[in-house]
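Every heavy atom of this structure was used, including side-chain atoms; hydrogens, water molecules and symmetry mates were not. Predicted model only: the values in this text are computed from it and were never measured.
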Amino acid sequence: MDSLSQVVLGASVGGAVMGRTLGRSALLGGALLGTLPDLDVLIDYGDAVANFTEHRGFSHSLLVLLPASLLLAWGLQRWRPITLWRWWAFTVLCLLTHPLLDSFTTYGTRLFWPLGDPVAISSIFIIDPLYTLPLLIGVIVALWRPPATPALAAGLTVSSLYLCWSLVAQQWMTQRVMPVLAEQGLSEAPRLVQPMPFSTLLWRVTVLGEQRRLEIVTGVLDNGDALTVETFPRSPQDYAEAMQVPAGRKLAWFTRGFIDVEAGRDQLLATDIRLGVPGLHPFQFVLAEREDGVWQALPSYKLPRPMANPQAWPALLDRTLARQPILCLTTLEALPAGSPCPSVMR
């Protein structure tokens, strides 16, 4: 999640656990602990793909944070003689809620590093005001009139219920698109169901076929209009070439195969298609360059983030509120019913 969400989550937990003892200091300490796992962004792992895939790695691992929280609690007890168990409740809850929240997003969080695959529940967007605002309100009240434990508890309760709602909405949207996927012969194909920015009202479904990728946008407020399916080409040959490069294999593992690969004339490009939308994916990497007709792996590097069309945000709002029944991902335009998108199959 975004830094503000993690700060107010850590502050809320810290204040709820130790606010009656430490006052505003509990909020500050909780905010610092809630931010601590993201300091791994300062580490350079060697190239762009490594930095991308190792973020949310060891610093987000429950296997690392559990003993670290106990060590921190022991140090804090020496500073102020409160029982070790109370200090540990403070440190462990502030630290662990950070990666647990991150795991609800699409990016991928190594909760059990160095074991297992990244966890990505994909039920909440990385910036969602409806999640953050209850926590922020509780923290403001606690800063104004500490310890304000009921306000902090209320914020934590509402935000947690919102996470539960996101799981319900995700399953709801999944069931909505299944008949369309069955018609396309892709009901068993890998799929990703995730919210669009910046709420859980509008959802994007990405489905990987052997030679094509389907994109469907559907919303909680939709009134039963037929779903619109956009198709994008997918080259198994290009994908296979990317798997010959170590960075390509690492990226495919981290994204569970949700990458688009383009073998250009001189460069082998890989794009994380989970994050962003078609034409506006923020993570695109050069994996290799062609020399004498052969791909030569190189330290991968990230291409500049594409510029967003200013008209995309009003279009996204219109589609979220169901004022327009179609959001064309190809052009990022909200369209009335019956207006086909480029490369659309119904």
Side-chain angles (χ1 to χ4, degrees), residues 1-43 54-105 107-121 124 131-132 134-136 138-139 142-143 146-164 167:
M1 291 291 284
D2 63 287
S3 297
L4 176 60
S5 297
Q6 295 290 8
V7 165
V8 294
L9 174 60
S12 298
V13 171
V17 174
M18 294 287 272
R20 294 188 184 279
T21 303
L22 300 179
R24 293 185 179 90
S25 296
L27 301 174
L28 177 60
L32 291 174
L33 288 174
T35 305
L36 188 62
D38 274 344
L39 294 183
D40 67 332
V41 297
L42 302 177
I43 302 173
E54 294 299 329
H55 176 47
R56 297 193 187 179
F58 76 93
S59 68
H60 288 60
S61 172
L62 305 184
L63 304 180
V64 172
L65 294 178
L66 277 170
S69 66
L70 187 57
L71 184 61
L72 279 171
W74 177 79
L76 288 169
Q77 188 192 33
R78 294 174 65 86
W79 166 67
R80 184 159 179 175
I82 301 172
T83 62
L84 178 62
W85 295 113
R86 285 198 65 197
W87 273 124
W88 190 46
F90 175 74
T91 57
V92 75
L93 290 175
C94 291
L95 285 174
L96 263 59
T97 49
H98 179 123
L100 291 175
L101 175 59
D102 276 348
S103 69
F104 279 83
T105 68
Y107 188 96
T109 305
R110 299 287 305 278
L111 286 182
F112 305 103
W113 179 97
L115 308 174
D117 296 330
V119 177
I121 298 171
I124 192 168
Y131 174 83
T132 307
L135 298 172
L136 180 60
V139 169
L143 286 172
T149 305
L152 294 171
L156 289 166
T157 300
V158 172
S159 64
S160 298
L161 288 174
Y162 185 73
L163 283 181
C164 294
L167 297 173

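Proximity of P99 to L65: side-chain heavy atoms (C-beta onward) are separated by under 4.5 Å at one or more points. For the pair L66 and L96, the minimum side-chain heavy-atom distance is below 4.5 Å. Side chains of L62 and F112 form a contact here, defined as non-hydrogen atoms less than 4.5 Å apart. Counting heavy atoms from C-beta outward, L33 and L72 have side chains that approach closer than 4.5 Å. When side chains are defined from C-beta on, R110 does not count as touching S61, because their heavy atoms never get closer than 4.5 Å. Looking at W87 and M18, their side chains come closer than 4.5 Å, going by heavy atoms from C-beta outward. In this structure, the side chains of D40 and E54 stay at 4.5 Å or more apart for every pair of heavy atoms. A 4.5 Å side-chain heavy-atom check between L152 and V139 finds at least one atom pair inside the cut-off.
Among residues two or more places apart in sequence or in another chain, the ring-ring contact (aromatic ring centres under 6.0 Å, His included) test is passed with H60 by H55, H98.
In plain terms, the two heavy atoms of R24 and L143 that are nearest each other are NE-O, 2.7 Å. Counting all heavy atoms, side chain and backbone alike, S159 lies closest to P134 at N-CB, 4.5 Å. Across all non-hydrogen atoms, the minimal contact from G14 to A26 is O-CB, 3.5 Å. In terms of heavy atoms, A142 sits closest to P147 at CB-O, 3.8 Å.
Between atom CG of residue L84 and atom CG of residue L70 there is a gap of 6.0 Å, rounded to the nearest 0.5 Å. Put simply, OG on S59 and CH2 on W113 are 9.5 Å apart, with the number rounded to the nearest 0.5 Å. With rounding to the nearest 0.5 Å, the separation of OG1 in T149 from CZ in R20 is 4.0 Å. The distance from the CG atom of L76 to the OG1 atom of T91 is 7.0 Å, given to the nearest 0.5 Å. To the nearest 0.5 Å, atoms SG (C94) and CG (L9) are separated by 8.0 Å. Here OH of Y162 is found 11.0 Å from OH of Y131. Values are rounded to the nearest 0.5 Å.
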Check against side-chain contact (heavy atoms from CB on, under 4.5 Å), L39 and L36 = CA-CA 6 Å; L39 294 183; L36 188 62; 3.6 Å; yes
Output, in order, the C-alpha distance, side-chain angles, deciding distance and verdict of side-chain contact (heavy atoms from CB on, under 4.5 Å) for L101 and L163.
-> CA-CA 9 Å; L101 175 59; L163 283 181; 4.1 Å; yes
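Side-chain contact check for S5 and D2: at least one donor-acceptor pair (N or O, by modelled atom type) lies under 3.5 Å. When only modelled atom types and interatomic distance are considered, R86 and T21 share a side-chain donor-acceptor pair under 3.5 Å.
R56 places a side-chain N or O within 3.5 Å of a backbone atom of D102 that can act as its donor or acceptor partner. Between the W88 side chain and the T83 main chain, no donor and acceptor come within less than 3.5 Å of each other. Between the side chain of S160 and the backbone N or O of L156 there is at least one donor-acceptor pair closer than 3.5 Å. In this structure a side-chain-to-backbone donor-acceptor pair under 3.5 Å is missing from T109 to L111.
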